[in-house]
Amino acid sequence: MCSAKETVISEKDIGMDLNGKESAMVDVIASFISHTSIRLPDDVIAKLEEMRASETEERALQIYDLMFENMRLAQELKRPTCQDTGVLQFFVRCGSNFPYMGSLEEVLKASVLKATKDTPLRYNVVETFSEYNTGNNTGSGVPFIMWEILPGRDDCEIYTYMAGGGCSLPGQSTVLMPSEGYPAAVKFVMDRITTYGLNACPPLLVGVGIGATSETAALNAKHAVLRPIGSHNENERAAELEKMLEESINAVGFGPQGMGGKRSVMGVNVVNTARHPATLAVAVTVGCWSHRRGRLVFDKDLNYRSLTHSKFDGGAL
Amino acid sequence: MTEIRNGKRVIITPVSEEDIKSLRIGDTIYIEGYIATGRDSVHERVTGEGRDMPVDIRDGVLIHAGPIVRDRGDGHYEMLACGPTTSMRMESFEYDFIKRTGVRILIGKGAMKENTEAGCKEFGAIHCVFPAGSAVVAANCVEEIESADWLDLGMPEGVFKCRVKEFGPLFVTIDTEGRNFFKEKKVEYEKIKDEEVEKISSKVGYIL
Ligand code: SF4
């Protein structure tokens, strides 16, 4: 087990080398991270309400009631909905003309430090091999930042994600032979969800990635859980698979917390890219009911809005 | 001691064997009195290094949790979020842990296996789950943290002794007969899953 080295996050660390505009950006992103730890995305809340309304099993209803009471209390007391506030990940879609592209990595790191201190978030980053907790939620390669550059645009879209331990555990990727085909991919997903998924705080949002290699499939799966609940893959067959998997996982009947219930998933999203003639890679990842993903868009003047959290007004906590 | 309050079965610590003997998997209970937190490293210290728990949990309650605690700076701590963590990580330690500590009620998240079943059956203990992710409700049931130990392990791994009021709902998942709720459920789930895989497989022959 790791030992912990508790460090104190100073204002100096947070604001280092950033000018006025950039530190304003840090303030917004940090308070957005805090906001997303306290309030679930609009689509998740709406879906959970719908699922509660259609539930008939008593234990499941008891659990839904508890979840909603938890959401209410979290907002009232301004506390993270779940104690596991995860490892921070950012998926950035940045216009090539966005004026702050060059300092964005530093801005994101500073935002994590600030949100960790202000919220507070739990210290969740353990350096590998040296095995100590960094005590500030940053470390080698953390926050994880994935870039996509959008040529000619001047805005910047940032997906924030808190990868909790429990909901990261079911994640797996495998490369199948085409002769095994999509049926093997389906079995892979179903096996994983009915074993590990059960412990990942269902109702789950299941992300399935299809591609050429293990890491492209894995990344597609992650993009799949960033997609809104209720959205569909553009490919007709993939959309059909989303529906079939959703119905089948619901039919298994593990319900909220795996303790039994009519529905077990908030949805199944599939994201696919092309494959090699000799491979069919498939990956699965899940978002738990406390699916803390956010989407924040800045224009070139740093005006911002959130597409996932309509109650976010940029204010401090 | 056990009390029925507004239809809720509330178990008040210290917990006797009598209090939990009649409980069966699937039952719902609440705890009043004291709960200590402890997860991976705590189990390792107690069972691996043979150290005593810094607080006595004989006839007591342990929650597998890594809480968010605010250090008020005056030796007092405040519980901000306290949901359970995956109990399975403690599975390999649990038989010895129950034996050594005499703990009666374990609270966590998700399934456990043979080691815990055997410990529960042999020494008269149960495992329950608190619906995970509802950490604020759980923290709100904590009236006060009376002591904080082993903080050298880091905040999530420390042992916090919490005075709690109607902590729950807790669903019994392993009872004193060693019956295991999730194990039994999983047999059902697996069977339906296999049928469903068959069903979909016949429709996804996209590669010809
Ligand atoms: S799986 Fe999600 S809701 Fe459950 S404990 Fe982990 S972060 Fe919290």
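Each chain gets a letter, A, B and so on, in the order the sequences are listed, and its residues count up from 1. All values below come from the heavy atoms of this structure, side chains included, with hydrogens, waters and symmetry mates left out.
Remark: A:Glu234 CD is loosely packed, at most 12 non-hydrogen atoms of other residues, nucleotides or ligands lying under 6.0 Å away. Atom NZ of B:Lys183 is surrounded by more than 12 heavy atoms from other residues, nucleotides or ligands within 6.0 Å. Environment of CZ in B:Arg163: crowded, with over 12 heavy atoms of neighbouring residues, nucleotides or ligands closer than 6.0 Å. More than 12 heavy-atom neighbours from other residues, nucleotides or ligands sit within 6.0 angstrom of NZ on B:Lys186. Counting non-hydrogen atoms of other residues, nucleotides and ligands closer than 6.0 Å to CD of A:Glu58 gives a total of 12 or fewer. Around CG of B:Asn6, the count of heavy atoms belonging to other residues, nucleotides or ligands within 6.0 Å does not exceed 12.
Taken from CE in B:Met155 to CG in A:Asn133, the straight-line distance is 9.0 Å, to the nearest 0.5 Å. Rounded to the nearest 0.5 angstrom, A:Asn250 CG and B:Glu196 CD are separated by 9.5 Å. Here the CE atom belonging to A:Met190 is positioned 11.5 Å from the CD atom belonging to B:Glu198, to the nearest 0.5 angstrom. Distance check, rounded to the nearest 0.5 Å: CD of A:Gln62 to CZ of B:Phe171 gives 4.0 Å. Separation of atoms CE (B:Met88) and CG (A:Leu169) is listed at 11.0 Å; rounding is to 0.5 Å.
Looking at B:Thr173, the atoms closer than 4.5 Å to chain A (heavy atoms on both sides) all sit in the side chain, from C-beta outward. In this structure, chain B has no heavy atom under 4.5 Å from any part of A:Ile193. Both the backbone and the side chain of A:Leu73 come within less than 4.5 Å of a heavy atom of chain B. Heavy-atom distances place no part of A:Asn124 under 4.5 Å from chain B, backbone and side chain included. Heavy atoms closer than 4.5 Å to chain A are found in the side chain of B:Glu190, but not in its backbone. Both the backbone and the side chain of A:Met259 come within less than 4.5 Å of a heavy atom in chain B. Interface remark: B:Arg45 contributes no atoms to any contact with chain A (heavy atom separation under 4.5 Å).
Summarising the geometry of B:Pro169 relative to A:Leu66, their closest heavy-atom pair is CD-CD1, 3.7 Å, with the distance given to 0.1 Å. Taking both residues in full, the closest heavy atoms of A:Gly181 and B:Ile207 are given as CA-CD1, 4.1 Å, listed atom of the first, atom of the second, then distance. Pairing each heavy atom of B:Gly66 with each of A:Gln83, the nearest pair is O-CG, 3.3 Å.
Ranked by heavy-atom pairs shorter than 4.5 Å toward chain B, the options A:Cys201, A:Ala185, A:Ala184 are led by A:Cys201. Across A:Met244, A:Gln257, A:Met67, A:Glu240, the residue that shares the most heavy-atom pairs under 4.5 angstrom with chain B is A:Gln257. Residue with the most contacts toward chain A among B:Lys109, B:Lys185, B:Arg70: B:Lys109 (heavy-atom pairs, distance under 4.5 Å). For the set A:Leu77, A:Leu245, A:Asp191, the count of heavy-atom pairs under 4.5 angstrom toward chain B peaks at A:Asp191. The candidate from A:Gly253, A:Ser290, A:Gly166 with the greatest count of non-hydrogen atom pairs under 4.5 Å with chain B is A:Gly253. The residue among B:Ile68, B:Asp194, B:Thr85 with the most heavy atom pairs within less than 4.5 Å of chain A is B:Ile68. Ranked by non-hydrogen atom pairs under 4.5 Å with chain A, the options B:Ile200, B:Thr86, B:Val197 are led by B:Ile200.
Contacts between residues 129-141 of chain B and chain A, counted as heavy-atom pairs separated by less than 4.5 Å, involve B:Val129, B:Phe130, B:Pro131, B:Ala132, B:Gly133, B:Ser134, B:Ala135, B:Val136, B:Val137, B:Ala139, B:Asn140. At a heavy-atom cut-off of under 4.5 Å, chain A is reached by B:Gly26, B:Thr28, B:Tyr30 from residues 20-34 of chain B, listed in order of number.
The list of salt bridge (charged side-chain N to carboxylate O under 4.0 Å, His left out) pairs with a residue in residues 255-278 of chain A, not counting sequence neighbours, reads A:Glu50-A:Arg263. A ring-ring contact (aromatic ring centres under 6.0 Å, His included) check over residues 177-208 of chain B, counting only residues at least two apart or in different chains, returns the pairs A:Tyr182-B:Tyr206.
With respect to A:Arg79 and B:Glu78, a salt bridge is recorded, a charged nitrogen being found less than 4.0 Å from a carboxylate O.
Under the 3.5 Å distance criterion, the side-chain polar atoms of B:Lys193 are left unmatched by any main-chain donor or acceptor of A:Val252.
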